[in-house]
Number of protein chains: 2
Amino acid sequence: MSDKQPGNNMRSLDRAIDVLEVLEDAPRGLRLTEIARRAGLHVATTLRILNALEARGRVERDETHYRAGVGLLFGAHAYLTTSPLVAAARPVLQDLASETGLTSSVFVRTGYSRAVIARVEGSNPLRYELPIGERLPLHLGAGKILAAHLSDADRDELLSRVAPFVTAGGREMTGEDFTAELDEIRGSGIAVSTDERIIGGRSVAAAVHDRDGAVTAAVQVAGTDESVSEDRLKALAITVRNAADQLSRRL
Amino acid sequence: MSDKQPGNNMRSLDRAIDVLEVLEDAPRGLRLTEIARRAGLHVATTLRILNALEARGRVERDETHYRAGVGLLFGAHAYLTTSPLVAAARPVLQDLASETGLTSSVFVRTGYSRAVIARVEGSNPLRYELPIGERLPLHLGAGKILAAHLSDADRDELLSRVAPFVTAGGREMTGEDFTAELDEIRGSGIAVSTDERIIGGRSVAAAVHDRDGAVTAAVQVAGTDESVSEDRLKALAITVRNAADQLSRRL
DNA sequence: TCTCTGCTTTCATTCTATGAAATGTTCTGT
DNA sequence: ACAGAACATTTCATAGAATGAAAGCAGAGA
């Protein structure tokens with residue numbers, strides 16, 4: 001899961017997080033052996049970690065399977081209520097959604113993934129389920145605008161993890177293709193994606209900068225390829241960039 | 001924070017969770033020394049834990065303060081999408097809310113607190129903010145129905161932590177009062193609360209049992225003391241109990 | 001400038017965390 | 001029903017991670 005980064009002490013804690021990440025990425029419960037395999041840990045070690053986490057409500061189990069526990073809710077709640085970014089994002093998304101009629105979201109990068117941290121549904125709210133906290137790829141959709149501003153080392157690491165890949169729409173991308181696209185995105189400041197993560201879906205995203213100019217988040221509008229039609233793209237690009245800039249200013 | 005339970009290995013992991021819990025309970029960022037103080041740990045230890053957590057996105061910091069990190073969202077998402085209880089609760093709450101017009105919730109106990117794991121707003125949705133994952137007391141409101149079914153040891157531990165206490169409405173409760181009320185609640189299977197956690201608020205709650213008969217969750221309807229009027233209580237008690245039983249059967 | 005408070009680093013020691021292996025348990029297929 | 005495999009748990013000796021004291025820094029305030 002995570003490469004052994006030299007200089008990082010606290011091995012058992014680090015491994016516990018490995019275990020948690022395995023659980024977080026699984027759509028259903030997993031057995032001990034499988035968790036150990038995916039986390040790259042010894043079974044005995046994995047068991048001890050799971051027991052410790054279970055004792056604290058961070059993990060739940062039935063007879064045979066382990067899954068995420070209720071205790072994990074507290075952390076998310078704390079993040080959503082204390083993060084200045086989340087607080088700043090809400091009103092911006094509200095405006096963006098009512099102006100465009102599209103579902104508007106803010107993403108943040110963590111490691112080599114991203115997470116939705118705030119979302120306002122557009123006029124036709126597709127699904128009820130709130131996707132906050134879903135782990136999404138950094139190389140597809142709005143993730144690209146975040147990927148485009150990675151350091152060289154981080155970008156290479158990302159490439160080595162995902163490239164080459166195929167989008168949901170069937171487009172094949174090599175590492176070179178992807179790097180080139182990221183350069184383009186960085187130039188224009190806008191990432192447009194069609195059929196990348198979901199077929200029939202299209203999105204427009206722009207980067208949010210913190211006070212130091214570092215890219216910390218992305219603002220996105222998304223919809224079907226009909227609601228985000230080709231001839232709206234130019235206008236949407238401007239709108240989304242404005243929203244992103246507005247959010248940047250609020251930080 | 002957590003008593004040293006003998007036989008629990010994985011000390012550093014356990015302490016890391018102590019640190020996380022401190023952060024989760026803080027309405028805003030905290031300084032290193034303060035976190036160490038609240039968690040009952042040495043500053044150096046606390047710092048190492050925070051660094052390890054920060055490296056994994058579980059904690060964020062600005063110049064001086066630490067707070068919960070984005071990485072914590074993933075766990076909550078995983079819990080909400082994989083927990084059978086959450087899945088079973090949703091339709092039951094939907095029915096309950098439309099039948100009563102009241103905000104309907106399911107709570108789960110973790111340690112000596114509880115968490116909202118599912119909620120459907122009633123006819124007058126008070127607040128936009130989604131409270132899923134909020135840590136709430138076990139001795140007030142719907143928490144009582146969970147407290148009423150604790151083991152003797154756990155109940156004593158809870159008492160030692162909170163009793164004596166005063167409700168939001170100003171009622172003073174000693175440990176004996178509280179124990180007596182819990183006995184009553186256990187007998188009737190229903191917990192009614194007025195002005196306990198919030199002034200002007202009233203709720204009715206019933207217990208959910210798993211296959212083994214253990215109490216695993218609580219179903220609650222809540223509103224103002226006007227919307228949950230005295231003369232509705234009898235009918236609501238039956239409705240809520242039915243909902244709880246229905247949920248029990250789905251597990 | 002000096003002092004106080006809080007943060008970070010260093011270091012020797014201890015005892016936690018570790019993995020191999022043995023033991024116990026639950027599936028699977030015949 | 002049985003044998004064999006796969007999985008889960010416990011035990012144990014050892015390595016080295018985690019620990020806390022103390023020293024070294026940095027920043028705030030007087």
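All values derive from a computational prediction rather than experimental measurement. Letters go in sequence order (proteins before strands), and every chain restarts at 1.
Closest approach to the B:Ser12 side chain among C:dA17, C:dG19, C:dC27 is made by C:dA17 (side chain taken as heavy atoms from C-beta onward). Comparing D:dG20, D:dT10, C:dT8 by their nearest atom to the side chain of B:Leu47 picks out C:dT8. Of all nucleotides listed (D:dT9, C:dC27, D:dG20), D:dG20 comes nearest to the side chain of B:Arg15. Side chain of B:Tyr66, nearest nucleotide from C:dT16, D:dC7, C:dT8: C:dT8. Looking at the side chain of A:Ala44, the nearest of the listed nucleotides C:dA20, D:dC7, C:dA17 is C:dA20.
Residue A:Val208 forms a side chain to side chain contact (heavy atoms under 4.5 Å, CB included) with just one option from A:Val219, A:Val92, A:Val215, and that option is A:Val219.
Between B:Glu34 and A:Arg31, the residue whose closest nucleotide on DNA chain C is further toward the 5' end is B:Glu34.
End-to-end axis angle of the helix from C:dT1-D:dA30 to C:dT30-D:dA1, from C1' rotation axes over five pairs per end: 60° (rounded to 10 degrees).
Using a 4.0 Å heavy-atom criterion, one finds that B:Arg48 contacts the bases of the nucleic acid, with or without backbone contacts as well. Residue A:Arg61 is classed as a sugar-phosphate contact, given heavy-atom separations below 4.0 Å to backbone atoms only.
Taking CG of A:Leu47 as the start and NE2 of A:His42 as the end, the distance is 11.0 Å to the nearest 0.5 Å.
Distance B:His42 NE2 to C:dC7 P: 13 Å, rounded to the nearest Å. Look at CD on A:Glu63: it is 9 Å from P on C:dC27, rounded to the nearest Å. Per the geometry, CG belonging to A:Asn51 stands 13 Å off P belonging to C:dT18, to the nearest Å. Rounded to an integer number of Å, the gap from A:Met10 CE to C:dA17 P is 10 Å.
Both cation-pi conditions hold for B:Arg109 and B:Tyr112: the charged atom is under 6.0 angstrom from the six-membered ring centre and inside a 45 degree cone around its axis.
Between B:Arg155 and B:Asp152, at least one side-chain N (NZ, or NE/NH1/NH2) sits under 4.0 Å from a carboxylate O, which counts as a salt bridge.
Between B:Thr64 and B:Arg31, the side chains place no donor N or O within less than 3.5 Å of an acceptor N or O (distance only, hydrogens not considered).
Residues A:Ile49 and A:Ser12 come closest through the heavy atom pair CD1-O, 4.4 Å.
Distances shown here put a side-chain N or O of B:Thr45 below 4.0 Å from the OP1 or OP2 atom of D:dG20.
A donor-acceptor pair is defined here as one N or O able to donate and one able to accept, closer than 3.5 Å; such a pair exists between the side chain of A:Arg186 and the backbone of A:Ala148.
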